[in-house]
Peer 1: 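My questions will all concern the structure given below.
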Amino acid sequence: MVQINSSSHFIRAFKKLPRQIQDDFEEKISLFIKNPRHPQLRTHPLKGKFRECLAFQLEDGYRVLFEFSNPNTVNLLDVGPHNIYRKR
């Protein structure tokens, strides 16, 4: 089981998401807590300046950007459409 920490940036970005994406996140985060690499999440490592981070997919091309601070603790950093990588 994974412990989740949400950054203030993640919380602000989450509140701006369409309700449908928020609902999808709520479903997928329960999978994520049990298994961060569950196939439905399509968890993948990132490259370049984000090489320390990973992401999992939500519907409509939305992504959740996160990092492991230790093997059992995850920090949620950002959420949004695919262009969140360009904004950071």
Side-chain angles (χ1 to χ4, degrees):
M1 198 88 122
V2 175
Q3 179 184 352
I4 306 290
N5 297 319
S6 301
S7 70
S8 57
H9 180 82
F10 175 86
I11 293 168
R12 284 191 307 274
F14 181 80
K15 288 178 182 179
K16 294 177 184 177
L17 294 175
R19 185 75 212 154
Q20 172 184 348
I21 303 302
Q22 290 179 2
D23 292 343
D24 187 44
F25 173 82
E26 296 300 332
E27 290 176 23
K28 297 227 172 113
I29 198 69
S30 63
L31 290 175
F32 183 84
I33 290 169
K34 294 174 190 169
N35 177 6
R37 299 202 185 269
H38 190 286
Q40 275 187 299
L41 300 172
R42 297 183 181 156
T43 303
H44 56 281
L46 301 178
K47 298 177 183 177
K49 67 179 180 177
F50 297 109
R51 67 182 166 272
E52 304 286 324
C53 301
L54 295 99
F56 69 85
Q57 293 183 2
L58 302 175
E59 62 185 50
D60 294 338
Y62 282 77
R63 307 283 195 276
V64 176
L65 184 68
F66 67 94
E67 66 183 1
F68 283 95
S69 57
N70 68 53
N72 296 319
T73 306
V74 169
N75 299 319
L76 300 179
L77 304 173
D78 202 354
V79 61
H82 194 264
N83 69 2
I84 61 172
Y85 305 131
R86 283 184 243 138
K87 289 193 281 184
R88 291 184 67 78

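Computed from heavy atoms alone, side chains included, the values below leave out hydrogens, waters and symmetry copies.
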Peer 1: Name the residue from Thr73, Val74, Leu77 that meets the side chain to side chain contact (heavy atoms under 4.5 Å, CB included) definition with Asn5.
Peer 2: Thr73

Peer 1: Side-chain contact test, heavy atoms from C-beta onward, threshold under 4.5 Å: evaluate it for Leu46 versus Leu54 and give yes or no.
Peer 2: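 Leu46 vs Leu54: side chains apart.
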
Peer 1: Given the rule in the side chain to side chain contact (heavy atoms under 4.5 Å, CB included) test, do Phe56 and Ile29 qualify, once you have shown the distances and angles that lead to the verdict?
Peer 2: CA-CA 10 Å; Phe56 69 85; Ile29 198 69; 4.3 Å; yes

Peer 1: Are Asp60 and Gln20 packed together at the side-chain level, in the sense that at least one heavy-atom pair is separated by less than 4.5 angstrom?
Peer 2: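 Yes, close enough: below the 4.5 Å cut-off.
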
Peer 1: Should Pro18 and Tyr62 count as side-chain neighbours, where that means a heavy-atom distance under 4.5 Å?
Peer 2: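 SC-SC contact between Pro18 and Tyr62 confirmed.
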
Peer 1: Tell me which one of His82, Gln40, Arg42 satisfies side chain to side chain donor-acceptor pair (under 3.5 Å) with Gln57.
Peer 2: Arg42

Peer 1: Is there a side chain to side chain contact (heavy atoms under 4.5 Å, CB included) between His44 and Arg63 once you walk through the steps?
Peer 2: CA-CA 11 Å; His44 56 281; Arg63 307 283 195 276; 4.3 Å; yes

Peer 1: Within a 6.0 Å radius of atom CD on Glu52, are there more than 12 heavy atoms belonging to other residues, nucleotides or ligands?
Peer 2: no

Peer 1: Are Phe32 and Phe25 an aromatic pair by the rule of ring centers under 6.0 Å?
Peer 2: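 For Phe32 and Phe25, the ring centres are not under 6.0 Å apart.
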
Peer 1: Side-chain contact, heavy-atom cut-off 4.5 Å: Pro36 with Val2?
Peer 2: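 Yes, at least one pair of side-chain atoms sits under 4.5 Å.
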
Peer 1: Could you tell me the separation between the CG atom of Leu76 and the OG atom of Ser6, rounded to the nearest 0.5 Å?
Peer 2: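 It comes to 4.5 Å.
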
Peer 1: Please assess Ile21 against Glu59 for the test side chain to side chain contact (heavy atoms under 4.5 Å, CB included), listing each intermediate value before the final yes or no.
Peer 2: CA-CA 7 Å; Ile21 303 302; Glu59 62 185 50; 3.6 Å; yes

Peer 1: Taking the side chain from Gln22 and the backbone from Phe14, do they hold a donor-acceptor pair closer than 3.5 Å?
Peer 2: yes

Peer 1: So Asn75 and Glu67, do their side chains get closer than 4.5 Å, heavy atoms only?
Peer 2: yes

Peer 1: Do Lys28 and Leu58 come within less than 4.5 Å of each other through their side chains, counting heavy atoms only?
Peer 2: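 Contact flag for Lys28/Leu58 side chains = yes.
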
Peer 1: Within the 4.5 Å heavy-atom criterion, are Val79 and Leu65 side-chain neighbours or not?
Peer 2: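 In short, these two side chains do not touch, never coming nearer than 4.5 Å.
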
Peer 1: When you look at His9 and Asp78, which way does the side chain to side chain contact (heavy atoms under 4.5 Å, CB included) test go after all the steps?
Peer 2: CA-CA 6 Å; His9 180 82; Asp78 202 354; 3.3 Å; yes

Peer 1: For the CZ atom of Arg12 and the OG atom of Ser7, what is their distance to the nearest 0.5 Å?
Peer 2: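 Result: 7.5 Å between the selected atoms.
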
Peer 1: Where does the angle between the aromatic ring planes of Phe66 and Phe68 fall among parallel (under 30°), tilted (30 to 60°) and perpendicular (over 60°)?
Peer 2: perpendicular

